[in-house]
Each structure stands twice: as structure tokens, then as C-alpha cells.
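Below is one structure; the comments refer to it alone.
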Amino acid sequence: MTADHRVGPPSLGGERETLRAFLDYHRATLAMKCEGLTDEELRQRSMPPSTLSLLGLVRHMAEVERAWFRRVFEDHDAPMVWSDRIDFQAAYDASASTRAEAFGAWEAEVETSRRIELEAASLDLAGHQPRWGEDVSLRMVMVHVLLEYGRHNGHADFLREGVDGTVGA
């Protein structure tokens with residue numbers, strides 16, 4: 001991997017600033033785990049029969065960003081990125097995907113998520129989570145997505161190690 005250029009979250013700061021910074025830190029972590037790898041290396045699976053790969057994680061996180069920001073706060077009927085039905089597992093199969101395709105979709109969803117968060121008057125903004133059939137706050141969404149990144153960045157450590165023998169941050 002290349003040098004670590006991530007910006008860490010503040011040691012002291014308000015709740016919203018801290019959540020935003022931690023989320024961006026974890027987004028940058030996923031991108032860093034993928035740096036310098038070819039499409040083929042990014043598609044390398046952890047072990048059969050799993051379809052989990054670094055590119056699959058990027059695709060999955062595009063779905064997570066869309067489901068938790070766009071679908072909750074803007075468009076409850078926004079389609080999945082990689083499936084014509086609600087199927088988060090479909091994103092993991094990146095066997096025919098490319099870095100450009102996966103990162104293009106992920107980066108677009110991250111930008112939409114950032115815009116939604118920045119435009120919100122407060123963390124108490126309520127949106128409707130259609131899969132749960134209940135309202136949730138922006139605070140809850142940011143924490144949930146942060147936890148998703150934390151979990152999947154742990155997977156990314158092992159996937160990257162399998163590609164080039166490095167263990168990440």
C-alpha cells in the first residue's frame with residue numbers, strides 16, 4: 001500500500017464533527033486498502049466458495065451508503081446499485097466488475113451521503129428506513145454506516161494481506 005494520507009478524527013470535537021470525521025476516515029481506509037492493486041487483484045476472493053473480495057466490499061459499501069442515506073432521506077424507492085431487487089449479497093460478486101465501475105458507483109454514493117448530511121439541520125433529522133418500516137435519525141444512520149465500515153475494513157485487512165502480504169492500519 002502507499003503512504004497513509006488519511007485524516008484522523010479530532011481528539012476533541014462536537015458530536016457531528018466527530019461522526020463525520022470518523023466516517024470519512026473509514027471511507028478513506030477502504031480506499032487505502034485498495035490502492036495500487038490491479039482489477040484482477042481487487043477481484044481476488046478470500047477463499048472458495050466465498051465471493052468476498054476488495055472490489056466486492058467497495059461495491060457493497062456503495063449499496064450501504066445508498067440504502068442508509070439516499071433511500072432513508074431522499075428517495076425511498078431508489079433501486080439497488082448492483083441488483084434489481086433488495087439483495088445486498090449481489091454486490092459481493094465482483095467477478096465481472098472493474099475498479100472504475102465499482103469506485104465510480106461508491107464515490108457517487110459517498111458524495112450523495114455527504115451532501116445529505118451537510119444539508120441536514122441537525123443529527124435529529126428523521127428519515128424513513130423502508131426496509132425496517134420505521135423512522136430513524138441522521139445520528140443513527142451515521143453510526144450504523146460507521147459500524148458497517150469498521151466491520152468491512154476488518155475484512156479488507158485480510159483480503160489485502162492475501163493479495164500482497166501486508167496488514168493494514
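Because the structure is predicted, anything quoted here is derived from the model rather than measured.
Under the 4.5 Å side-chain contact rule for hydrophobic residues, Trp82 and Phe69 do not share a cluster. At a threshold of 4.5 Å between side-chain heavy atoms, the hydrophobic network of Ile, Leu, Val, Met, Phe, Trp and Tyr places Met142 and Phe73 in one connected group. A chain of hydrophobic side-chain contacts below 4.5 Å, direct or via other Ile, Leu, Val, Met, Phe, Trp or Tyr residues, connects Leu23 to Leu57.
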List the steps and the verdict of side chain to side chain contact (heavy atoms under 4.5 Å, CB included) for Met80 and Asp84. CA-CA 6 Å; Met80 300 289 287; Asp84 57 358; over 6 Å; no
Using salt bridge (charged side-chain N to carboxylate O under 4.0 Å, His left out), reason through Arg115 and Glu111 one step at a time and then give a plain yes or no. CA-CA 6 Å; Arg115 178 185 51 75; Glu111 286 310 308; over 6 Å; no
Passes side chain to side chain contact (heavy atoms under 4.5 Å, CB included), Arg16 versus Leu138? Steps please. CA-CA 10 Å; Arg16 190 167 187 172; Leu138 176 59; 4.1 Å; yes
Test Leu147 against Val143 for side chain to side chain contact (heavy atoms under 4.5 Å, CB included), laying out the working first. CA-CA 6 Å; Leu147 292 171; Val143 170; 4.1 Å; yes
Could you go step by step and tell me if His152 and Met61 meet the side chain to side chain contact (heavy atoms under 4.5 Å, CB included) rule? CA-CA 9 Å; His152 293 304; Met61 292 312 298; 3.6 Å; yes
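Side-chain contact check for Val7 versus Tyr25: every heavy-atom pair is 4.5 Å or farther apart. Considering only heavy atoms from C-beta on, Thr18 comes within 4.5 Å of Pro10 through its side chain. Between Val72 and Val136, some side-chain heavy-atom pair lies under the 4.5 Å cut-off. Under the 4.5 Å side-chain criterion, counting only non-hydrogen atoms from C-beta, Arg71 is in contact with Arg131. Counting only heavy atoms from C-beta outward, the side chains of Gln129 and Asp135 never approach each other to under 4.5 Å. Side-chain contact between Arg20 and Leu118 is present, with at least one heavy-atom pair separated by less than 4.5 Å. Side chains of Cys34 and Phe103 form a contact here, defined as non-hydrogen atoms less than 4.5 Å apart.
In this pair, Tyr149 and Trp106 present their aromatic rings tilted. The plane angle is within the 30 to 60° band. Using cut-offs of 30° and 60° on the angle between ring planes, the pair Trp68 and His144 is tilted.
Here Glu109 does not pair with Arg27 in a salt bridge; the nearest charged N to carboxylate O distance is not below 4.0 Å. A salt bridge is defined here as a Lys NZ or Arg NE, NH1 or NH2 lying under 4.0 Å from an Asp or Glu carboxylate O, and Asp93 with Arg59 fails to meet this definition. Salt-bridge annotation for Glu117 and Arg114: absent, with no side-chain N of the basic residue lying under 4.0 Å from a carboxylate O of the acidic one. Between Glu148 and Arg151 there is a salt bridge, since a side-chain N of the basic residue sits under 4.0 Å from a carboxylate O of the acidic one.
In summary, the side chains of Arg70 and Thr112 do present a donor paired with an acceptor at a separation below 3.5 Å, with no hydrogens or angles considered. With no hydrogens or angles considered, no side-chain donor-acceptor pair links Gln44 and Ser53 at under 3.5 Å.
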